[in-house]
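Remarks on the structure that follows.
Heavy-atom basis, side chains included; hydrogens, waters and symmetry copies ignored. In what follows, chains are A, B, ... by sequence order, proteins preceding strands, each numbered from 1.
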There are 2 protein chains.
Amino acid sequence: MNRRQIAVLGSTGSIGTQALDVIRQHSDVLSVFALTAHRQVDLLIQQAREFLPDTVVIADESKYAQLRDALHDLPIKVWTGADAIAEVAAAESVDMVLTAMVGYSGLQPTISAIRAGKAIALANKETLVIAGELITQLAQQHQTPILPVDSEHSAIFQCLVGEKNSEIDKILLTASGGPFRTFSAEQLRHVTKNDALKHPNWNMGAKVTIDSASLMNKGFEMIEARWLFGVQPDNIQVLIHPQSIIHSMVQFKDASIKAQMGMPDMRIPIQYALAYPARLRSDFVPVDFMQFHQLTFEQPDTQHFPNLNYAFEAVRQGGNMPCILNAANEIAVDAFLHDRIGFQAMSRVIEHTMQAVPFVAGATLETYIQTNDEARAKAIEFIISIKN
Amino acid sequence: MNRRQIAVLGSTGSIGTQALDVIRQHSDVLSVFALTAHRQVDLLIQQAREFLPDTVVIADESKYAQLRDALHDLPIKVWTGADAIAEVAAAESVDMVLTAMVGYSGLQPTISAIRAGKAIALANKETLVIAGELITQLAQQHQTPILPVDSEHSAIFQCLVGEKNSEIDKILLTASGGPFRTFSAEQLRHVTKNDALKHPNWNMGAKVTIDSASLMNKGFEMIEARWLFGVQPDNIQVLIHPQSIIHSMVQFKDASIKAQMGMPDMRIPIQYALAYPARLRSDFVPVDFMQFHQLTFEQPDTQHFPNLNYAFEAVRQGGNMPCILNAANEIAVDAFLHDRIGFQAMSRVIEHTMQAVPFVAGATLETYIQTNDEARAKAIEFIISIKN
């Protein structure tokens, strides 16, 4: 059997490094064709020397010389720039592209890979948040499977294996609720980035950890689910499940529910996507139901965490509105991580930006690019205004 | 589309009447070809007049004349006797046979239906408990699907749709634990049949309700699962889950778990089997996770409920041992239901009978018939001995 050739876009991030763990464990069936990173050149060099890919790409051109020199003794192609990432994702030998970059930067390489007919292991949620309609249409047109890597969407995907999407009644999207789930408005006022970044159930990057604490992440996942599974927003219910053992559920027309569970270990859904449709034996720790002997559920608190409502509003409106939501949130989280605004102000940035940027109904890739720039500018403007 | 022609064996019992509820709701796709009953002739007459099947059969020959006379104005064939049930199950126009008789009597008609190449909706668990190896081999040979109706096996079956059985790591078979789950040995000593028969999570017949309270039912289900899904007993774990919302789970090689959930309503798994692979929209009440906001798990208490261990022992030994287990239990439950022995004595009857009846390794249908008779005799003998 030929090993599956994988282009790992964003190999130095949290998902990227865990994907390489999986590939290392299953080198009999999985192999690395390309590695790309934004600017973490030292780790990229180390990964390239271990996995010996055909090509490595560093997005940040100022790091190119260092990368090239460090790998000059190896038969590895060394490229740089955003266009090079899109190009390597479409290379002929690639069987699957893992899109594990953070934020908006994932959009163009994903489109490039789909156009080249590559299977997509989708870990970049912003791609579907911004351009879900475009991406899913394109994937259908090029008959490329989109295999979700996010644990929730992997759960839904796994529940739907062998089932018909037309028989879905609703999707039950579970959420840990984050570290501030039980906080009062007053407590939320004093939350710092360090409070948000410690003790997540999942091992994730800083941006996603903040998004989880604010329920923005769950809002994005709802938008993703809407596109990945062709389900209307009104048929997606968010359920707080603090133990993070049930990763999501699907309720069918006959009132039967299927759920997927596991320990909160991102390598499980990553491996499922990379090896799909095979399930590979692994040393992942299984759920011990004597330890997790109580699984609980609550309604999400959208009064204290309004971002979830903004996400429903954005996807119901459609057009460029989810793109505005995402751009405003990227700016807001960045400002929060740099101690420029408080936790609750992030929601105000989003609310304001969704009102400030003109709505465009039938959004194209060009609209998304323009909307993204405009929304970021409006969000920054608003942050400056509330600081003064 | 042709409506699926179903032979409902055991139409007057708990599963049979609920199956007719399902067929009534979905008469556009499901129809009744035959109805059979043991001796409840009045209900059988009423069902026949409503569903107008091709054939009705009453096992008890003393009720034949009453049945024939009551239906003389309708173009319905009226038969009697156990052989007639096996015959109608194999009739040419039958697409699917629902085997909903209680106990040992389900075995021969099931074999007859499989030999005739009919799809089986299996609700008679004793068939697989007694003769699991024989039945599953036969089904493979005749390429007939066996669709489990039991909620646990339906759950496992649903979790395995689109998956490979070879990728199963283990089956997590859930159990409510029954009404005496938290009882001490002393409390169990004073348990009556009325204590056992009231407040079950599920709407079932008396025999199954007692088997649930003693964990014998879960032992039988473990044996069924072993054969239905080709999983070794050591890879089946029984988990007490008092809310009866998760109907069972499958853990795969990659530590991913799939679970099927629903309200404890037998019509959901019955409908799934009858309409498989379609899921029909129904008015079944879905799970409200705000009501069932806490799902819990415990280890089964095999010290107070040893029947589960006897079942593991019986299936590990194989041969005629599960047949002995089942026969001894049928006699024990009957004695308990007639106030002849206490709750705990049921286990002693089983233990004694498993030791008293000679073990036969490569059991055939003839061995099962002989073993069944012998085990029942030994169990009765033992009950008489402890009464004196």
- Query: Going through the checks in order, is the side-chain contact (heavy atoms from CB on, under 4.5 Å) test met by A:Met290 and B:Leu239?
  - Reply: CA-CA 9 Å; A:Met290 291 308 106; B:Leu239 210 52; 3.4 Å; yes
- Message: I need the residue from A:Thr296, A:Asp283, A:Ile246, A:Val250 with the largest number of non-hydrogen atom pairs under 4.5 Å to chain B.
- Response: A:Thr296
- Message: Please classify the contact between B:Ala275 and chain A as side chain, backbone, both or neither, with a heavy-atom cut-off of under 4.5 Å.
- Response: neither
- Task: Please flag which part of A:Ala278 lies under 4.5 Å from any non-hydrogen atom of chain B: side chain, backbone, both or neither.
- Result: both
- Quick one: do A:Glu163 and B:Arg279 make a salt bridge, cutoff under 4.0 Å? yes
- Query: Contact part of B:Ile245 toward chain A, heavy-atom cut-off under 4.5 Å: side chain, backbone, both or neither?
  - Reply: neither
- Note on the structure: Interatomic distance, CG@A:Leu172 vs CZ@B:Phe289, rounded to 0.5 Å, equals 6.0 Å
- Between A:Pro286 and B:Ala255, what is the shortest heavy-atom contact and its length? CA-CB, 4.2 Å
- Message: What I'd like to find out is whether the side chain of B:Ser256 reaches to under 4.5 Å of the side chain of A:Gln260, using heavy atoms alone.
- Response: yes
- Task: With a 4.5 angstrom heavy-atom cut-off, could you sort out which part of B:Gln158 is near chain A: side chain, backbone, both or neither?
- Result: both
- Message: Rounded at 0.5 Å granularity, tell me how far CZ in A:Phe284 sits from CG in B:Asp254.
- Response: 7.5 Å
- Task: Find the distance between CE (B:Met249) and NZ (A:Lys258) and round it off to the nearest 0.5 Å.
- Result: 15.0 Å
- Task: Determine the option with the most heavy-atom pairs under 4.5 angstrom with chain B, choosing from A:Ala259, A:Gly162, A:Ser154.
- Result: A:Ala259
- Verdict with reasoning, A:Val287 to B:Ile257, per side-chain contact (heavy atoms from CB on, under 4.5 Å): CA-CA 8 Å; A:Val287 176; B:Ile257 294 171; 3.9 Å; yes
- Query: Which bit of B:Gln294 comes within less than 4.5 Å of chain A, counting heavy atoms only: side chain, backbone, both or neither?
  - Reply: both
- Message: Taking side chain as everything from C-beta outward and backbone as N, CA, C, O, which of these in B:Glu298 sits under 4.5 Å from a heavy atom of chain A? Side chain, backbone, both or neither.
- Response: backbone
- Residue B:Leu160 versus chain A: region with a heavy atom under 4.5 Å: neither
- Under 4.5 Å to a heavy atom of chain A? For B:Val285 that would be backbone
- Query: Non-hydrogen atoms of chain A under 4.5 Å away: do they reach the side chain of B:Leu280, the backbone, both or neither?
  - Reply: backbone
